[in-house]
Amino acid sequence: MDAKTVRDVDVGGKRVFVRADLNVPLDDNRITDDNRIRASLPTIVYLLEHGASVVLASHLGRPKGKVNDALRLRPVAERLGQLLGRPVRMTGDALGPGVQVAVDKLQPGDLLLLENLRFHAAEEANDPEFAEALAGLADLYVNDAFGAAHRAHASTEGITHHLPAVAGLLMEREVDALTRLLVRPARPFHAVIGGAKVSGKLEVLEALLSRCQAVLVGGGMANTFLAAKGIELGKSLVEEDQLGAAEHIMSEARRKRVRLMLPTDAVVAPQIHHRARVRTVTIGEVPKDMMVVDIGPETLTAFTEHLAKAQTIFWNGPMGVFEMPQMADGTNAMARFIAGRTAKGVVTVVGGGDSVAAVEQLGLADRMTHVSTGGGASLEFLEGKTLPGVAALLPADAEIELDGGSR
Ligand code: ADP
Ligand code: MG
């Protein structure tokens, strides 16, 4: 990437503020998926091994500027400690006199985790004073939080006005992998898009039409496209207010000669429930009292046959309600198919919270070229948007001067 990274700086004896994305899903204080913590390890370990003292910070959930005991980073500190094989100390707040005392005591090789940044409204408001105070804790700033890079917050953007700012190893890996989709991707480049809704993904759909040779649409999102073509879908999730948007995408696809594939059959159920009975129907024959919950086998075959021609595949959004086993076949088969293409030399990239979770659950993450830790950030990156957290980093050819000296 065109930014300085931790490897370009002599970090020995320096105090380093690392913004990581440790925003993991929690079920009553239990971490249900620790991938973001694992993905943050290389940068933390690199810095500690090179003699830096690390002040680690992250957000967790949406506390909206107030202290929320259910969103404390304690479980993250514990999991991080297990992974590092040493206890991880943490502060009771992201900022304040107690934090300064704890930071002052840090020795080379020490690690301190700050409490949830978003307990302070100033974080998301990108408050300049808050940013400056965070910067005051360190000599160098490292952004490894790709998943938060599409937000200009105090810890992702404001802080870079006060400290030399470089990329962490995860940030570098994410940007490099996603850049491969933007800059001369091997063709054909096909995208598979699913998930619940069209709204929220319109911009990425438009962007993909300019970059891809085919866009395959599944999941609940496909319903809105089918409904726009006048197809009855019973009780299925259809965004009535997005029918025009779906029509626009379809006409853009025709104009740009991009193949836009929609399901021709579907798995339907009376409701989304773990005991709901499912069956397969042709897309025009969804019963009035049933809803589409997955793509059908005929669709899967058509999708994968077309995808087999691709040299680059990007996948975002599950093909169905994969949380229910009887509605997960389409998503699971898609994950297996795409993973199988990697071994054939195809560049395979998965981005998006739920699609990534599906891939992880199947143990297929290692068999993809890249699995992004950033949901919204990866989509905005593919839209060609500048991510504020990335733009704020020092360019690769910048000179770095660290004040503070050795500690
Ligand atoms: P991602 O996080 O990968 O970007 P989204 O958040 O857009 O994906 O969508 C994921 C959600 O979409 C899942 O919770 C899944 O149950 C839901 N979903 C997929 N297909 C359907 C469908 N046919 N009807 C209702 N919900 C669906
Ligand atoms: Mg999601």
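Since we're looking at a predicted model, the values are computed, not measured. Every number for a ligand or one of its atoms is a count from 1 in the order of the listing.
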Worksheet item: Counting each atom of ligand 1 from 1 as listed, which ones have a heavy atom of G317 under 4.0 Å away?
Response: 3 (O), 8 (O)

Fill in: Residue G219 vicinity, atoms of ligand 1 by number, heavy atom under 4.0 Å
20 (N), 23 (N)

Does ligand 1 come near enough to [X] that some N or O of the ligand is less than 3.5 Å from an N or O of the residue?
X    : answer
A196 : yes
G220 : yes
K197 : no
G353 : yes
I272 : no

Have a look at [options] and point out the one with the heavy atom closest to [atom].
atom                    : options                : value
atom 26 (N) of ligand 1 : D354, D294, V321, L233 : V321
atom 7 (O) of ligand 1  : M319, M291, K201       : K201
atom 8 (O) of ligand 1  : S355, P318, G352       : P318

Worksheet item: When rounded to the nearest 0.5 angstrom, what is the spacing between CG in D397 and NZ in K4?
Response: 6.5 Å

Discussion item. Nearest 0.5 angstrom please: E380 CD to L387 CG, how far?
Written reply: 6.5 Å

Within 6.0 Å of [atom1] in [X], more than 12 heavy atoms from elsewhere:
X    : atom1 : result
D28  : CG    : no
K197 : NZ    : no
K229 : NZ    : no
D366 : CG    : no

Practice prompt. Considering heavy atoms of the protein only, find what lies nearest to atom 24 (N) of ligand 1 and give residue, atom and distance to 0.1 Å.
Written response: V292 O, 3.7 Å

Worksheet, complete the sentence: Closest to atom 19 (C) of ligand 1 among protein heavy atoms sits G320 O, 3.1 Å

Item to complete: Kindly indicate, with the supporting measurements, whether the criterion salt bridge (charged side-chain N to carboxylate O under 4.0 Å, His left out) is fulfilled by K385 and E203.
Response: CA-CA 10 Å; K385 286 191 186 150; E203 283 174 303; 3.4 Å; yes

Between [Y] and [X], does any NZ, NE, NH1 or NH2 come within less than 4.0 Å of an OD or OE carboxylate oxygen?
X    : Y   : value
E115 : R72 : yes
D21  : R36 : yes
R79  : D34 : yes
E123 : R19 : yes

Fill in: ligand 1 contact on E323 by region, counting heavy-atom pairs under 4.0 Å
side chain

Worksheet item: With backbone taken as N, CA, C and O and side chain as the heavy atoms from C-beta onward, which portion of N316 lies under 4.0 Å from ligand 1: side chain, backbone, both, or neither?
Response: side chain

Discussion item. Looking at ligand 1, would G375 count as a contact under a 4.0 Å heavy-atom criterion?
Written reply: no

Worksheet entry | Every N, O or S from the protein that is nearer than 2.8 Å to the Mg ion (ligand 2) | D354 OD2

Worksheet item: Which of these, L22, V76, T373, sits in a side-chain contact (heavy atoms from CB on, under 4.5 Å) with S40?
Response: L22

Discussion item. Which residues pass the ring pair (Phe, Tyr, Trp, His ring centres under 6.0 Å) test with H153, not counting sequence neighbours?
Written reply: none

